[in-house]
**Q** 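First the structure, then my questions, so here it is.
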Amino acid sequence: MIDASRCTGCGWCVAACPLNLLSLEPQGWKKHAVIDDEATCTGCKKCEKRCLFKALRVTTAH
Ligand code: SF4
Ligand code: SF4
């Protein structure tokens with residue numbers, strides 16, 4: 001769902017999720033977004049629309 005190699009760690013998606021399912025996780029020298037509770041995701045795609053870098057794609061089929 002989140003392509004860590006494209007993610008810049010900007011945090012836009014984290015702020016966009018109405019359910020607060022996303023957070024930034026440090027990995028090596030950079031941060032990238034992770035989804036904390038994929039089962040709760042409604043698939044609203046607010047995070048996907050926010051991502052300027054096309055690092056995030058909502059694939060949950062709810
Ligand atoms: S698609 Fe899921 S993770 Fe993305 S903003 Fe909506 S509820 Fe949050
Ligand atoms: S908006 Fe995109 S680039 Fe920014 S932290 Fe989220 S997934 Fe990464």
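Whatever order the structure lists ligands and atoms in, that order sets their numbers, starting from 1. Residue indices begin at 1 and follow the sequence shown. The figures that follow rest on heavy atoms only: side chains count, while hydrogens, waters and symmetry mates do not. All values reported here derive from a predicted model rather than from experimental measurement.
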**Q** Any idea which atoms of ligand 2 are less than 4.0 Å away from a heavy-atom of C51?
**A**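 What qualifies from ligand 2 is 1 (S), 2 (Fe), 3 (S), 7 (S).
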**Q** Determine yes or no for a side-chain-to-main-chain donor-acceptor pair under 3.5 angstrom, with E48 supplying the side chain and V58 the backbone.
**A**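 Yes; judged by distance alone, with no hydrogens or angles, the pair exists.
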**Q** Counting each atom of ligand 2 from 1 as listed, which ones have a heavy atom of L56 under 4.0 Å away?
**A**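 Atoms satisfying the 4.0 Å criterion: 7 (S).
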**Q** If you measure from SG on C47 to CE on M1, what distance do you get to the nearest 0.5 Å?
**A**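 One gets 5.0 Å once the value is rounded to the nearest 0.5 Å.
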**Q** Same cluster for L24 and L22 if Ile/Leu/Val/Met/Phe/Trp/Tyr side chains link at under 4.5 Å?
**A**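 Same hydrophobic cluster.
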**Q** If every non-hydrogen atom of C7 is compared with every non-hydrogen atom of A33, which pair is closest and at what distance?
**A**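 That closest heavy-atom pairing would be SG-N, 3.4 Å.
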**Q** I'd like to check C10 versus F53 (side-chain heavy atoms, cut-off strictly below 4.5 Å). Are they in contact?
**A**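 SC-SC contact between C10 and F53 confirmed.
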**Q** Could you walk me through whether R6 and K54 pass the side chain to side chain contact (heavy atoms under 4.5 Å, CB included) check?
**A** CA-CA 7 Å; R6 294 183 71 103; K54 300 207 183 346; 4.1 Å; yes
**Q** Of the non-hydrogen atoms in K30 and S5, which two are nearest, and what is the gap between them?
**A**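 Heavy atoms only, the tightest pair is NZ-O, 4.1 Å.
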**Q** Heavy atom to atom 8 (Fe) of ligand 1, shortest distance: which of C17, A33, C47 holds it?
**A**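 When every heavy atom of C17, A33, C47 is considered, C17 comes closest to atom 8 (Fe) of ligand 1.
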**Q** Counting backbone and side-chain atoms alike, is an N, O or S atom of C13 positioned under 2.8 Å from atom 8 (Fe) of ligand 2?
**A**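 Coordinating: no.
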**Q** Mark up the atoms of ligand 2 that fall under 4.0 Å of a heavy atom belonging to F53, in ascending order.
**A**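 Answer, ordered by atom number: 3 (S).
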**Q** I need the L19 CG to I35 CD1 distance, nearest 0.5 Å.
**A**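 Answer rounded to 0.5 Å: 9.5 Å.
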**Q** Going by heavy-atom distance to atom 5 (S) of ligand 2, choose the closest among G11, A4, S23.
**A**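 It is G11 whose heavy atom sits nearest to atom 5 (S) of ligand 2.
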**Q** Below 4.0 angstrom from a heavy atom of C7, which ligand 2 atoms are there? Numbered from 1 as shown, please.
**A**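 Taking each heavy atom of C7 in turn, ligand 2 has 3 (S), 5 (S), 7 (S), 8 (Fe) under 4.0 Å.
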**Q** Check each heavy atom of E48 against ligand 1 and say whether those closer than 4.0 Å belong to the side chain, the backbone, both or neither.
**A**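 It is neither part, as no heavy atom is under 4.0 Å.
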**Q** Find all atoms of ligand 2 within a distance of less than 4.0 Å from any non-hydrogen atom belonging to T8, and give their numbers and elements.
**A**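 So the atoms of ligand 2 that pass are 3 (S), 8 (Fe).
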**Q** For ligand 1, which atoms sit closer than 4.0 Å to a heavy atom of K45?
**A**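 What qualifies from ligand 1 is 1 (S), 6 (Fe).
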**Q** Which residue holds the protein heavy atom closest to atom 4 (Fe) of ligand 2, what is that atom called, and what is the gap in Å?
**A**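 Looking at atom 4 (Fe) of ligand 2, the protein heavy atom closest to it is C10 SG, 2.3 Å.
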**Q** Which atoms of ligand 1 sit under 4.0 Å from any heavy atom of V58?
**A**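 Every atom of ligand 1 under 4.0 Å from some heavy atom of V58: 1 (S).
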